[in-house]
Structures are given as structure tokens and as C-alpha cells.
J.: 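Below: one structure in C-alpha cells.
Positions are given from 1 along the sequence.
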Amino acid sequence: MKNIPFEKVRLGQSDLRVTPICLGTMTFGEQVDEPTSHAVLSRSLERGVDFIDTAEMYSVPTRQETYSVTESIIGRWFAANPGVRQKLTLATKVAGPSRGMPWVREGTGMAAADIVASCNASLKRLQTDVIDLYQSHDDDAATPLEETMGAFADLITEGKVRAIGASNYTAPRLLAALDTSARLGLPRYESLQPLFNLIDRAPYEDALESVCVEHGIGVINFYGLAAGFLTGKYRSEADVTKSARGANTVKKYLNPRGLAVLGALDAVSANI
């Protein structure tokens, strides 16, 4: 099969141009073993998707024994396939303070030292010299935004990071971060990674959407398929027992509204 001719889009106001489909990797190393992960990465690139998103806290569910394993798996794929890294836009994240991981030694918040240590560790695991998009995985209200944005700016100046983004930010805090960058003349968040899919619409549409549109922020939503529910493979209580994510994440969508959304997708797909 030939590559899909994706038209690349600009991410925010950055220099990054990415495919409109991004490959998320949070299951690599936990639910997906390394050989399969490498096969997925290769197939994704073969089919025209050259945007990869990961995080230092992956794989999920996060455990001390597997913390950061996903970045290492991706790094070994880069090492085994010379030239591939240059074909991709690579995004990763520094772990925030709300993740409840007391055993983390690098990346416990958005303080400057945490960000720098986490970035250096991610670069080593990913076996690369630069992270194209470096994101704060969570907001850190205990650390001044001036410090957080300043640390990101230093990494960009040093050539370790090309652009920065945020994840799991509220609209007021995203606006505050943008104001801090503008006021101090620092690089700003060029992307936001919020929860958004055909079922979970309100968290983004109620407040964040207007901020992103007004300020030209790129949006890279997570749970785009509602943890797999929107694929249609979960339609009963019995189905949720068939995967690791079913009982923990998907079960909440098995309600009249969720099933109605599946019905609408069935009707659309039947006419394609």
C-alpha cells in the first residue's frame, strides 16, 4: 500500500509542520511489547504519519518498574533505523507534580531544575540531540510561571528543544502562561494537549477552544478514540473484560449517550 498523502499543518505559530494524525505511544512497554512497538512505529511512518507523541512517564499505567520505558523503546528504534529520526516530528513531555510518583528522581514538577533534568534524561533515552516539541504534562501551580517558561526558553536557546507545548492546562492557566511569555519576551506554548473526542467534548469546547483559536494555539487532543471505545469494539459489559483498558477506562462510556454515538458512527461508516 502506498503512503497516505497527508497535507501537513503548522503547529501553532511554530516552525513545526506536522501530519494531522499523531501516533500516541503510551502503551509501548506495558500493553505492547518492544518488537510490536517497533513494528507499529515503522508501519506508521510507512503509511505517512511522521508525528510521534510520548512522555517521560510512559508507559501507562505508570509503575516504578516501567517508568520511562516508552522513550527508551523509541530511542532503540531510532538507533536500529538510521535516518528515521530526521523524518519525524518528535514530541515528549516532562512529568508534572500531580502524577503521584514519589519514586521519580527526574521530573517531579515544572521547576527549572526538574525541567532541565527531565529534558536531558529524555534526550538520552530517545537517543536524539533535540526534542521537536517539549510539553509540560501537567500544570504546576506551586512553581511561578516565570520560572517554568524561563527554563523552557533556556532549552530552546541551547538547541535541545525546538518548540514547547502544554497538556492538561485549564483555560485561565493557559492564558496566564501566554501572558507570562509575552510580558517577558519568552517562547510561548505553541500547542495544547487536552482531552477531546466525540464523547468528551466539554473539557475543551467550554473554555479552552476560544483561547486556542484566539491565540493561534495548535491542538493535539488525547483520547481521540475515547481509549478505544469509538472503534466500536466495546458494546457490552462483556466486551470491557477483553482488554487492559476496558474495565479501567472504557466502561464509563457504556451508557445511552455513548452507545448513541457509536450508532451514529455505524450509520456514517455504512455509507462510506
Side-chain angles (χ1 to χ4, degrees), residues 6 8-12 14-19 21-30 32-60 62 66-96 104-107 110 112-137 148 151-167 187 189-191 193 218 220 222:
F6 289 119
K8 292 190 177 183
V9 295
R10 186 181 181 188
L11 192 62
S14 74
D15 293 331
L16 302 180
R17 299 192 68 85
V18 300
T19 50
I21 294 178
C22 179
L23 176 65
T25 62
M26 73 178 190
T27 61
F28 289 5
E30 180 71 32
V32 183
D33 63 24
E34 184 160 338
T36 304
S37 298
H38 285 185
V40 170
L41 288 163
S42 295
R43 183 60 170 164
S44 175
L45 183 59
E46 176 188 336
R47 298 295 288 133
V49 176
D50 62 6
F51 188 16
I52 296 176
D53 180 70
T54 190
E56 70 166 324
M57 63 164 283
Y58 292 168
S59 63
V60 173
T62 303
T66 57
Y67 170 75
S68 77
V69 69
T70 301
E71 287 188 330
S72 296
I73 288 173
I74 294 171
R76 287 191 286 271
W77 180 67
F78 287 152
N81 295 274
V84 162
R85 171 66 187 94
Q86 289 70 35
K87 299 177 181 180
L88 296 166
T89 298
L90 176 64
T92 192
K93 311 178 196 75
V94 49
V104 174
R105 294 296 177 268
E106 296 169 319
M110 293 300 125
D114 292 326
I115 292 172
V116 172
S118 286
C119 181
N120 289 334
S122 287
L123 288 168
K124 183 176 181 180
R125 288 189 293 263
L126 289 163
Q127 301 193 45
T128 188
D129 295 327
V130 63
I131 296 166
D132 297 311
L133 178 65
Y134 199 37
Q135 304 157 95
S136 52
H137 212 147
T148 297
F152 281 132
D154 289 342
L155 291 174
I156 291 174
T157 299
E158 293 170 11
K160 295 180 178 180
V161 171
R162 292 178 62 194
I164 55 175
S167 177
Y189 287 139
E190 295 293 351
S191 66
Q193 193 165 146
I220 317 165
F222 66 85

J.: Give a yes or no on whether the backbone of Val40 and the side-chain of Ser44 come within a donor-acceptor separation of less than 3.5 Å.
T.: no

J.: Looking only at non-hydrogen atoms, find the nearest pair between Gly48 and Phe6 and report the distance.
T.: O-CD1, 3.3 Å

J.: Mind checking salt bridge (Lys or Arg N to Asp or Glu O under 4.0 Å) for Asp132 and listing every partner two or more places apart, or none if nothing turns up?
T.: Arg85, Arg162

J.: Are side-chain heavy atoms of Leu11 and Ile220 found at a separation under 4.5 Å?
T.: yes

J.: Taking all non-hydrogen atoms of both residues into account, name the closest pair between Val130 and Gly159 and its distance.
T.: CG2-O, 3.5 Å

J.: How far apart are the closest heavy atoms of Pro187 and Ile164, and which atoms are they?
T.: O-CD1, 3.8 Å

J.: Where do His137 and Ala95 come nearest, in terms of heavy atoms and distance?
T.: CB-CA, 4.1 Å

J.: Measure the OG-CZ distance between Ser167 and Phe222 for me, rounded to the nearest 0.5 Å.
T.: 5.5 Å

J.: With heavy-atom distances below 4.5 Å as the criterion, would you say the side chains of Met110 and Val94 are in contact?
T.: yes

J.: Given the rule in the side-chain hydrogen bond (donor to acceptor under 3.5 Å, both in side chains) test, do Thr92 and Tyr58 qualify, once you have shown the distances and angles that lead to the verdict?
T.: CA-CA 10 Å; Thr92 192; Tyr58 292 168; over 6 Å; no

J.: Can you see which heavy atom on Ser136 is nearest to which on Ala166, and at what distance?
T.: OG-CA, 3.6 Å

J.: CZ of Arg125 to OG of Ser68: how many Å apart, nearest 0.5 Å?
T.: 4.0 Å

J.: Atom CZ of Arg76 and atom CG of Leu126: how far apart are they, to the nearest 0.5 Å?
T.: 11.0 Å

J.: Looking at Asp33, I want to see if its CG is surrounded by more than 12 non-hydrogen atoms of other residues, nucleotides or ligands under 6.0 Å.
T.: yes

J.: If you look at every heavy atom in Phe78 and Leu90, which pair is closest and at what distance?
T.: CE1-CD2, 3.9 Å

J.: Atom OH of Tyr67 and atom OG1 of Thr62: how far apart are they, to the nearest 0.5 Å?
T.: 9.0 Å

J.: So, does Thr70 use its side chain to make a donor-acceptor pair with the main chain of Ser59 at under 3.5 Å?
T.: yes

J.: Identify, with sequence neighbours excluded, every residue that meets side chain to side chain contact (heavy atoms under 4.5 Å, CB included) alongside Ala163.
T.: Ser14, Leu16, Leu133

J.: Is there side-chain contact between Ile115 and Phe152, with heavy atoms separated by less than 4.5 Å?
T.: yes

J.: Got Thr54 and Phe28 here, is their nearest side-chain heavy-atom distance under 4.5 Å?
T.: no

J.: Would you sort out whether Lys93 and Asp53 count as a salt bridge (charged side-chain N to carboxylate O under 4.0 Å, His left out), showing the intermediate values?
T.: CA-CA 8 Å; Lys93 311 178 196 75; Asp53 180 70; 2.7 Å; yes

J.: Can you find a pair of side-chain heavy atoms, one from Asp50 and one from Leu45, that are under 4.5 Å apart?
T.: yes

J.: Mind checking whether Ser122 and Ile131 have side chains closer than 4.5 Å, heavy atoms only?
T.: yes

J.: Please round to the nearest 0.5 Å and tell me the distance separating atom CH2 of Trp77 and atom CD1 of Ile52.
T.: 4.5 Å

J.: Can you tell me how far apart CG (Asp15) and CZ (Arg10) are? Round to the nearest 0.5 Å.
T.: 7.0 Å

